[in-house]
Amino acid sequence: MCISCRQRFPRYTLMRLQLETQLVVKYIGVGRSFYLCKICATNQKKQTGLAKRFKVNEANLTELLKEILNNG
Ligand SMILES: [Zn+2]
């Protein structure tokens, strides 16, 4: 389930991320993770919401999501 829009998608279509201290990163196998769908990952308003929710830098989050979308 996508953490942002709460819709269910096949897991392989979602990107798995985790929250580090003040930073969202690609899931590295340990810690608490969450899923984000590609629709939300490319939606600026959703990104703003997520950045606020996690108290992380929005520009960094946008950059990370873009990179994951491009490179997997
Ligand atoms: Zn979503």
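Whatever order the structure lists them in is the order used to number ligands and atoms, beginning at 1.
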Which residues, ordered by chain and number, are linked to V25 in its hydrophobic cluster, where ILVMFWY side chains connect at heavy-atom gaps below 4.5 Å, directly or through other members?
L23
Counting only heavy atoms not in R16, do more than 12 fall under 6.0 Å of its CZ?
yes
For Y35, all residues meeting ring-ring contact (aromatic ring centres under 6.0 Å, His included), sequence neighbours excluded:
none
Leaving out waters, which are not shown anyway, how many protein N, O or S atoms lie closer than 2.8 Å to the Zn ion (ligand 1)?
4
Are Q18 and E20 linked by a side-chain donor-acceptor pair shorter than 3.5 Å?
yes
Out of curiosity, L14 CG to I3 CD1, how far, rounded to the nearest 0.5 Å?
11.5 Å
Atom pairs and distances, side-chain donor-acceptor, residues 39-50, under 3.5 Å, sequence neighbours left out:
from : atom 1 : to  : atom 2 : distance (Å)
T42  : OG1    : K38 : O      : 3.0
T42  : OG1    : I39 : O      : 3.1
N43  : OD1    : K45 : N      : 2.9
N43  : OD1    : K46 : N      : 3.1
Q44  : NE2    : E58 : OE2    : 2.9
Q47  : OE1    : T62 : OG1    : 2.8
Q47  : NE2    : A41 : O      : 2.6
T48  : OG1    : Q44 : O      : 2.9
T48  : OG1    : E58 : OE2    : 2.9

